[in-house]
Number of protein chains: 4
Amino acid sequence: MQKKKVPSMVKDEQLIKKRREQMIKGAVSLFTEKGFHRTTTREIAKQSGFSIGTLYEYIGAKEDVLYLVCDAIYEEVRDRLKQYLGTNTSGVERLKEAVAAYFKVIDEMEDEVLVMYQETKSLPKEALKYVLQKEMEMNDMIEQIVRDCVEEDAIALTNEEIKMLAHNILVKGQMWTFRRWALQKEFTLEQYTQLQLKFLLTGLKR
Amino acid sequence: MQKKKVPSMVKDEQLIKKRREQMIKGAVSLFTEKGFHRTTTREIAKQSGFSIGTLYEYIGAKEDVLYLVCDAIYEEVRDRLKQYLGTNTSGVERLKEAVAAYFKVIDEMEDEVLVMYQETKSLPKEALKYVLQKEMEMNDMIEQIVRDCVEEDAIALTNEEIKMLAHNILVKGQMWTFRRWALQKEFTLEQYTQLQLKFLLTGLKR
Amino acid sequence: MQKKKVPSMVKDEQLIKKRREQMIKGAVSLFTEKGFHRTTTREIAKQSGFSIGTLYEYIGAKEDVLYLVCDAIYEEVRDRLKQYLGTNTSGVERLKEAVAAYFKVIDEMEDEVLVMYQETKSLPKEALKYVLQKEMEMNDMIEQIVRDCVEEDAIALTNEEIKMLAHNILVKGQMWTFRRWALQKEFTLEQYTQLQLKFLLTGLKR
Amino acid sequence: MQKKKVPSMVKDEQLIKKRREQMIKGAVSLFTEKGFHRTTTREIAKQSGFSIGTLYEYIGAKEDVLYLVCDAIYEEVRDRLKQYLGTNTSGVERLKEAVAAYFKVIDEMEDEVLVMYQETKSLPKEALKYVLQKEMEMNDMIEQIVRDCVEEDAIALTNEEIKMLAHNILVKGQMWTFRRWALQKEFTLEQYTQLQLKFLLTGLKR
DNA sequence: CATGAATGAGCCTTCATTCAT
DNA sequence: GATGAATGAAGGCTCATTCAT
């Protein structure tokens, strides 16, 4: 699927990038605080450091901001994840490292992930599809890591089980944010990671 | 915490109950389709089968509708769950049955649960607290079932593990709705239940 | 001009009178507190001791309540004034007594007079005319008393002066209510009366 | 007391002033015709020559319009009055001129004064206080003129009498508007002024 | 006669978007 | 490119009035 083209009146690609970065940063903080719908375009413009007129030089509609935000977050989560993913280990160990890395990324980008997670549904259909595809790519990344384990005979899983496991891992990451009101009261990230890994893996080893 | 009193101009308690049931039903279908913020009070009234004026005879503000919806869903999930929970089995078997029952309830109330799940954050602070508490009660219910298993020596878990497991089970139920775009394409409820039970339990047995 | 007919669904004239008295009493207290426009018909009904449905059995529209209130107040002011007006004196003495009596009535009915005074303009045209006519009758009453003085040669005034004096007296009564935030801080009714009489009369005597 | 700050989204102070002047002009004509409560914000916007959206760029709430109107009128009355007040005369003559000037101003601003006079009570509490204070300033202005006469030995009055006289003069000005339905039928402004001056002064001279 | 639930026109206000400067 | 004043559709909510019981 094509990356959605967010329209801009401005030619200078460099400038577009810069302005949109300001925008995303401002928007995330506002969305975190009051959600997408309760945030006005004026507020976004102000928080981004420019006028409402300028905001609309770089987007076509308010929803584009949300799209940009979601897109950027996915990108960053993926990039950071790749960075953390040392490939020097293998088998279950690699899976554990991957999960821990994923959780770490999520924790670092708590607010962003939560926003993305809660507001995605407000995207217009086209954008939603695209973002959902990004989510599936994330899923595929995780799935691949699991699949590697299986192929290395480190664990034995059917194809369906692999898919399910990937979903589970993904959600366990997300729930660290959307259930933080309960989880982060009881566990540190490390505890959370260890416990979840235990639940995830125990019995999976040969 | 006190149940939030939603104000009504109408005195007949019976009627209030009836109208609010209409309201909740209408609202859920709309919230499912377009979300809380994109749904107008006029639409809610119409879908509920009465006028905008009448709607406001039974609520004080739009947010009250959301609260009523969330409250009703929790209540119904809990009631149905209790109904399904046959107490004739014990140990791990009982846990499995409970999880299956819980998943079944979630599946039956898909739309409702999804709405509640996605829109809860739009509640005003007081109402949010109350609803979050309901969520914790659900958590406690699951936790108790797990705890029973542990006390029967059916499984061995630390206190923290019990808590985490309860969270996991709860979320695994919810994700059936909020990831349905992926999960329900690949799995039937039965498959989903079986697979999740397998992941949940394998290795937990003595 | 005809007294405006306020429509009623009820036949029993006795009952109409009773209910409307309740209504006027309730309405005055509410209008005093929040003004005609900010008072709802529901509030009037409640304060009057019956339901909104019953209210509309005795009036045709909200404005009728205001009309009824204004009419009743004029009536009462006039009645009380007549009562106070001992006819045993004559000349300037009688004028002074009349003014003092008038001021006393105003003071006793402060709230009512103020309401009438401030809300009259909200009456529908027809009713306004009628009420304004009542005001003119009041004017005439005062004028007559002044005119008597002149005819008795107690004071010398042209016809125009008589008219103006009547207006002045009337307004001096009303201002005791609508400037009470200033006047009643500085003067008692007695002081106010004495001072105003002095201003009114000094120099008028032969 | 601080002048109430009416909020505006627009930054250009010059523009704010201009728009608010349009607004006040439009609002006065509407309030005169139908009163504050019966006038809608849309009507105000239209009459002012801009859209409802623009109206709200210059005020925070409908009541602000009323406040702006009242404030502006007081200001203008005071300014005009100062202008008319030639200081070349003294004693009773000066008082007479002042009263005549005041009446003239009132007559010129009939509608405005009447509006202010009748709708003041609809102001929110804070604004009401502020406007009442303006009224007291007016009072003080008149009082000072009277006091000057007394100090010049032109007339002899106790302190209380001075205060009362100021109130009387003020009200005699206002009544020219709120009793115009009667007074302006019978008198021209000049006649009214002469007669009132006569009543006011006769006997006050040494 | 009394009641009060139902109605919907209409109000105030917000805010995404445009466009002249 | 940047600005921010202008716009008006649309939303939440109120309340005078009606009418079935």
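The basis for the numbers below is simple: all heavy atoms, side chains too, and nothing from hydrogens, waters or symmetry mates.
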Legend entry - Of residues 34-46 of chain B, the positions that come close to DNA chain E - non-hydrogen atoms, cut-off under 4.0 Å: B:R42

Inset, instruction - Quick one: list whatever passes salt bridge (Lys or Arg N to Asp or Glu O under 4.0 Å) with A:D12, sequence neighbours left out. - result: none

Inset, instruction - With a 4.0 angstrom cut-off to heavy atoms of chain A, pull out the first and last contacting nucleotide of DNA chain E, in 5'-to-3' order. - result: E:dC15 to E:dT18

Inset, instruction - Scan residues 23-33 of chain C for pairs that pass salt bridge (Lys or Arg N to Asp or Glu O under 4.0 Å), counting only residues two or more places apart or in two chains. - result: none

Inset, instruction - Please report the shortest heavy-atom distance between A:I73 and A:V113, naming the atom on each side. - result: CG2-N, 4.4 Å

Inset, instruction - For C:R20 and C:E13, run salt bridge (charged side-chain N to carboxylate O under 4.0 Å, His left out): C-alpha distance rounded to whole Å, both residues' side-chain angles, the deciding distance at 0.1 Å, then the answer. - result: CA-CA 10 Å; C:R20 288 193 176 162; C:E13 287 294 336; over 6 Å; no

Legend entry - Where D:G26 and D:S29 come nearest, the two heavy atoms and their spacing: O-OG, 2.8 Å

Legend entry - D:E21: partners by side-chain contact (heavy atoms from CB on, under 4.5 Å), with sequence neighbours left out: D:K17

Legend entry - OP1 or OP2 of F:dT14 under 4.0 Å from side-chain N/O of B:Y56: no

Legend entry - Touch class at under 4.0 angstrom, heavy-atom based, for B:M9 against every strand present: sugar-phosphate

Legend entry - Residues forming a salt bridge (Lys or Arg N to Asp or Glu O under 4.0 Å) with C:K62, sequence neighbours excluded: none

Please report, to 0.1 Å, the donor-acceptor pairs under 3.5 Å made by any side chain of residues 114-128 of chain D, with sequence neighbours excluded.
residue: D:E119; atom: OE2; partner: D:F36; partner atom: N; Å: 3.1
residue: D:T120; atom: OG1; partner: D:M116; partner atom: O; Å: 2.5
residue: D:K121; atom: NZ; partner: D:Q118; partner atom: O; Å: 3.3

Inset, instruction - Could you go through the side chain to side chain contact (heavy atoms under 4.5 Å, CB included) check for B:T41 and B:Y56 one step at a time? - result: CA-CA 9 Å; B:T41 52; B:Y56 276 88; 3.3 Å; yes

Legend entry - Within residues 15-31 of chain D, residues whose heavy atoms come under 4.0 Å of DNA chain E: none

Inset, instruction - Would you check if there is a donor-acceptor pair between the side chains of A:E57 and A:S8 at a distance under 3.5 Å? - result: no

Inset, instruction - Using the test ring-ring contact (aromatic ring centres under 6.0 Å, His included), find all partners of D:Y58 that sit at least two apart in sequence or belong to another chain. - result: none

Inset, instruction - Could you tell me whether a side-chain N or O of B:T32 sits under 3.5 Å from a main-chain N or O of B:V28, the two making a donor and an acceptor? - result: yes

Inset, instruction - Hey, could you give me each pair passing salt bridge (Lys or Arg N to Asp or Glu O under 4.0 Å) that has a residue in residues 42-51 of chain B? Not counting sequence neighbours. - result: B:K34-B:E43

Inset, instruction - Please list, by residue number, the residues of residues 57-70 of chain D whose heavy atoms come closer than 4.0 Å to an atom of DNA chain E; answer none if no residue qualifies. - result: D:A61, D:K62

Inset, instruction - Side-chain contact test, heavy atoms from C-beta onward, threshold under 4.5 Å: evaluate it for B:D71 versus B:V131 and give yes or no. - result: no

Inset, instruction - Find which nucleotide of DNA chain E each of D:T54 and C:I52 is nearest to by heavy atoms, and output the residue with the more 5' nucleotide. - result: C:I52

Legend entry - Nearest-nucleotide 5' precedence on DNA chain F, C:G53 against D:L55: D:L55

Inset, instruction - Would you name the heavy atoms of D:V6 and D:G60 that are closest together and state the gap between them? - result: CG1-N, 4.4 Å

Legend entry - Base-pair map of DNA chain F as dot-bracket, where | denotes pairing with a different strand and pairs are Watson-Crick or G-U under 3.5 Å: .||||||||||||||||||||

